[in-house]
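Data block below; observations after.
Atoms considered below: every heavy atom in the structure, side chains included; atoms not considered: hydrogens, waters and symmetry mates. None of the values given here were measured: they were computed from a predicted structure.
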Amino acid sequence: MVDSLGVAVIGFGWMGRVHTQAYARVLHHYPRLGLRPQLVTVAEEVPGRAEEAAAQFGFTSTTRDWREVAGDPRVRAVSITAPNFLHREIGVAMAEAGKHIWIEKPVGLNTADAQAVADAVARAGVQGAVGFNYRNAPAVETARALIASGEIGRITHVRVRLFSDYASHPEGALTWRYEKERGGSGVLGDLASHGADLARFLLGGIESLTADTAVFIPERARPTGATAGHTRATGGELGPVENEDYVNCLLRFASGARGVLEACRVSVGEQNNYGFEVHGTEGALFWDFRRMNELGVSRGPSDTGPSYQDQPVSTVYVGPGAGEYGAFQPGAANGMGYDDLKVIEAHRFLRSVAEGEPHGATLPDAVRSAAVLEAMVRSAASGAWVNVPDA
């Protein structure tokens with residue numbers, strides 16, 4: 001007997017749609033989950049958008065006021081995919097109403113916001129999952145296992161990159177993403193938050209860092225109507241871009257390893273160029289999100305050990321033994337995609353609800369990522385190395 005779990009989605013832009021599709025697919029890939037998500041209600045303030053979502057995906061009700069979700073006894077779990085400035089208020093309210101929450105990163109505008117949501121989840125005794133989806137890629141989980149096993153020796157340094165062109169057009173609309181009051185940071189919260197999580201996921205705690213930021217497109221046109229995604233706006237009143245387009249950062253890990261984290265939202269010619277290179281004393285690992293199911297591995301033959309100089313790199317096509325790959329494809333080199341990572345995330349969230357213990361990325365992970373981002377902000381302002389609390 002599979003128990004039904006009423007779920008709501010708050011905010012139905014692109015990410016709300018991705019969460020909804022993940023709920024719809026999760027039992028296809030994880031039939032033994034033990035919970036069947038039921039799409040109860042969708043909350044979206046843009047007129048007509050919630051109704052379109054209900055018609056397409058089968059939500060039984062709609063609302064323009066997310067507060068109605070907190071009082072709905074049919075809803076036991078909530079996806080929070082609204083803009084950043086609403087994360088804290090919604091997250092705390094849903095936890096206090098006894099709802100389990102799956103919330104998108106960066107969980108508010110700063111560490112205090114993320115901590116407030118984490119504290120509310122802990123007080124309420126509910127489960128809280130966070131949308132750090134790139135750690136769910138089977139190749140990334142394989143890389144983490146290889147690092148932990150010592151396959152490439154002691155880790156010396158890592159480079160994490162997140163380059164995108166979604167904001168590179170100068171006619172991109174001046175939405176909430178570019179405002180400090182509603183968006184908080186810019187590329188820090190949007191992309192570098194993933195980078196900070198990946199770096200910690202692979203190598204452990206970050207002790208200190210130094211960072212530099214820049215705004216390359218200082219003005220954009222204000223939109224004249226509702227926006228979704230990265231809309232262009234022409235003819236509107238120009239306003240200032242208040243947060244950063246670019247960040248580069250040097251990292252020092254608690255393990256003694258060193259790192260570089262670089263992120264940019266205005267990189268012309270880069271379409272989701274996300275990935276990392278991890279170097280150890282006996283080998284290296286290479287991953288590119290655009291070739292998500294491949295992992296570059298350099299390590300010496302098991303019988304002779306590493307050759308160090310001129311050591312070759314092999315491309316490994318991940319297969320059913322890697323992470324959650326087997327829930328999606330029967331054999332290596334069959335492709336998985338971005339939406340599959342969110343299905344994995346949905347499964348781990350729902351499994352947490354079913355079992356009463358966390359699986360996957362949690363609110364404490366979001367707090368630690370936010371602490372790294374705030375350290376970057378302080379460092380960029382001062383030009384100095386800054387310690388990161390709770391490495």
Side-chain angles (χ1 to χ4, degrees), residues 84 105-115 130 132 134-135 155-168 177-218 240-268 270 272-279 289 361 364-391:
N84 298 349
K105 39 59 63 184
V107 188
L109 304 181
N110 48 47
T111 305
D113 284 356
Q115 188 66 63
V130 179
F132 288 128
Y134 298 109
R135 62 155 64 187
I155 303 305
T156 55
H157 58 102
V158 61
R159 176 176 176 251
V160 181
R161 69 187 185 282
L162 298 108
F163 298 145
S164 185
D165 64 351
Y166 68 80
S168 61
R177 293 181 181 277
Y178 303 98
E179 300 174 1
K180 285 188 176 180
E181 185 176 350
R182 296 194 297 164
S185 59
V187 77
L188 282 170
D190 197 22
L191 295 181
S193 58
H194 281 298
D197 181 69
L198 276 176
R200 287 187 57 260
F201 184 69
L202 293 170
L203 271 66
I206 298 168
E207 284 193 335
S208 60
L209 57 82
T210 183
D212 183 36
T213 62
V215 178
F216 296 133
I217 301 179
V241 172
E242 298 175 350
N243 50 34
E244 73 291 333
D245 291 326
Y246 171 82
V247 61
N248 66 65
C249 183
L250 300 179
L251 307 168
R252 290 175 178 165
F253 291 85
S255 66
R258 298 297 193 262
V260 177
L261 192 161
E262 192 176 14
C264 186
R265 65 188 180 187
V266 297
S267 296
V268 175
E270 300 283 12
N272 297 333
N273 181 1
Y274 309 153
F276 56 75
E277 302 96 43
V278 180
H279 294 269
F289 169 65
D365 291 314
V367 173
R368 294 186 183 100
S369 174
V372 173
L373 301 186
E374 284 199 356
M376 291 182 191
V377 172
R378 296 198 305 273
S379 176
S382 68
W385 280 88
V386 172
N387 291 331
V388 180
D390 191 22

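- Once rounded to the nearest 0.5 Å, the distance linking CG of Leu191 with OG of Ser185 reads 10.0 Å.
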**Request:** Report the C-alpha separation of Lys105 and Asp197 in whole Å, then their side-chain angles, then the decisive distance to 0.1 Å, and conclude whether the salt bridge (Lys or Arg N to Asp or Glu O under 4.0 Å) test is met.
**Result:** CA-CA 10 Å; Lys105 39 59 63 184; Asp197 181 69; over 6 Å; no
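- Remark: Ser379 engages Thr210 in a side chain to side chain donor-acceptor pair (under 3.5 Å) (not counting sequence neighbours).
- Residues satisfying the side chain to side chain donor-acceptor pair (under 3.5 Å) criterion with Asp113, sequence neighbours excluded, are Arg88.
- Using modelled atom types, one side-chain atom of Asp245 and one backbone atom of Phe216 make a donor-acceptor pair closer than 3.5 Å.
- Two residues are said to be in side-chain contact when any heavy atoms from C-beta on lie closer than 4.5 Å; Val388 and Val386 fail this criterion.
- Taking the salt bridge (Lys or Arg N to Asp or Glu O under 4.0 Å) definition, one finds that Glu374 meets it with nothing, sequence neighbours left out.
- Rounding to the nearest 0.5 Å places OH of Tyr178 at 7.5 Å from CD1 of Ile217.
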**Prompt:** Is there a salt bridge (Lys or Arg N to Asp or Glu O under 4.0 Å) between Glu244 and Arg265 once you walk through the steps?
**Reply:** CA-CA 9 Å; Glu244 73 291 333; Arg265 65 188 180 187; 6.0 Å; no
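- By the side chain to side chain contact (heavy atoms under 4.5 Å, CB included) test, Val367 is found to be paired with Thr111, Ala114, Gln115, Ala118, residues two or more places apart in sequence or in another chain being considered.
- Proximity of a side-chain donor or acceptor of Ser168 to a complementary backbone N or O of Val268 within less than 3.5 Å is not detected.
- Checked against side chain to side chain contact (heavy atoms under 4.5 Å, CB included), Ala381 has no partners two or more places apart in sequence or in another chain.
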Throw together a table of side-chain donor-acceptor distances under 3.5 angstrom for residues 250-264, partners on residues two or more places apart or in other chains.
{"from": "Ser255", "atom 1": "OG", "to": "Ala257", "atom 2": "N", "distance (Å)": "3.3"}
{"from": "Arg258", "atom 1": "NH1", "to": "Gly256", "atom 2": "O", "distance (Å)": "3.0"}
{"from": "Glu262", "atom 1": "OE2", "to": "Tyr246", "atom 2": "OH", "distance (Å)": "2.5"}

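- For Asp165, there are no salt bridge (Lys or Arg N to Asp or Glu O under 4.0 Å) partners at least two apart in sequence or on another chain.
- Rounding to the nearest 0.5 angstrom, the gap separating the CZ atom in Arg159 from the NE2 atom in His279 is 9.5 Å.
- In terms of the side chain to side chain contact (heavy atoms under 4.5 Å, CB included) criterion, residue partners of Asn272 (sequence neighbours excluded) are, by chain and number, Ser164, Tyr274, Phe289.
- Applying the side chain to side chain donor-acceptor pair (under 3.5 Å) rule to Asp212 yields no partners; only residues at least two apart in sequence or on another chain are considered.
- Within the 3.5 Å criterion, the main-chain N or O of Arg177 finds no donor-acceptor partner in the side chain of Asn84.
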